[in-house]
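Given the structure is predicted, the values throughout are model-derived calculations rather than measurements.
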Amino acid sequence: MRLAQPLLLIALLPGTLAADTAAAQDRARSGSFDATAEVRCAQEVGQSLDACGAEVARAGQSAAVVVTFANGFARTLTFSDHAFLRGNATMSGVGTDVDWRLSEGIYYVRVDDQRFEIPQALVAAD
């Protein structure tokens with residue numbers, strides 16, 4: 001009977017991560033943030049990376065990071081289980097044209113034409 005508990009946990013894990021992701025996004029939308037930081041970002045193709053404000057809302061293994069460019073435009077980046085998932089849809093694009101990698105504690109993320117460098121410690125304050 002002990003075997004049933006780990007199997008149940010494994011079966012529920014994907015649903016738990018989805019719930020964590022939704023909770024983090026809800027917290028970000030409501031302005032309930034866990035931390036703020038300065039990150040590097042570029043809004044346009046060919047633009048050099050500059051300082052942008054970032055706020056993070058965490059829930060379980062998920063996080064929603066709201067990055068605000070110098071002109072006030074903001075984009076929400078969603079992470080779960082140490083992976084980048086997507087950016088929110090904006091006038092700049094739908095947020096699914098992405099490329100990312102995690103290297104030496106920094107997430108290097110491209111969403112549509114925008115680029116971001118997000119410290120791993122901001123996403124998951126372990």
When you measure from the side chain of Arg115 to the backbone of Gln47, do you find a donor-acceptor pair of N or O atoms at a distance under 3.5 Å?
yes
Look up atom CD in Gln114 and atom CG in Asp97, then write down how far apart they are to the nearest 0.5 Å.
11.0 Å
Non-hydrogen side-chain atoms of Phe33 and Arg27 separated by less than 4.5 Å
no
Roughly how far, to the nearest 0.5 Å, is the CG atom of Leu77 from the CG atom of Asn88?
7.5 Å
Quick check against the 3.5 Å criterion: does Ser62 have a side-chain atom that pairs as donor or acceptor with the backbone of Ser80?
no
How about Gln25 and Thr78: does a side-chain donor come under 3.5 Å of a side-chain acceptor?
yes
Gap separating the CZ atom of Arg75 from the OG1 atom of Thr68, nearest 0.5 angstrom
12.5 Å
Residues His82 and Trp100: closest non-hydrogen pair is O-CH2, 4.0 Å
Are Val65 and Val98 co-members of a hydrophobic cluster defined by side-chain heavy atoms under 4.5 Å apart?
yes
Stepwise side-chain contact (heavy atoms from CB on, under 4.5 Å) check, Thr76 with Arg29
CA-CA 9 Å; Thr76 302; Arg29 278 192 289 276; over 6 Å; no
Please check if the distance between the ring centroids of Phe116 and Phe69 is under 6.0 Å.
yes
Establish whether Leu49 and Val111 are linked, either directly or via other cluster members, by ILVMFWY side-chain heavy-atom contacts under 4.5 Å.
no
Under 4.0 Å between a Lys/Arg side-chain N and an Asp/Glu carboxylate O for Arg58 and Asp20?
no
Of all heavy-atom pairs between Val66 and Ala74, which one has the smallest distance, and what is that distance?
CG1-CB, 4.0 Å
Looking at Ala59 and Ala24, what are the two nearest heavy atoms and their distance?
CB-N, 3.7 Å
If every non-hydrogen atom of Arg110 is compared with every non-hydrogen atom of Asp112, which pair is closest and at what distance?
NH1-O, 2.8 Å
From the options Val67, Ile106, Leu102, select the one residue that forms a side chain to side chain contact (heavy atoms under 4.5 Å, CB included) with Ile118.
Val67
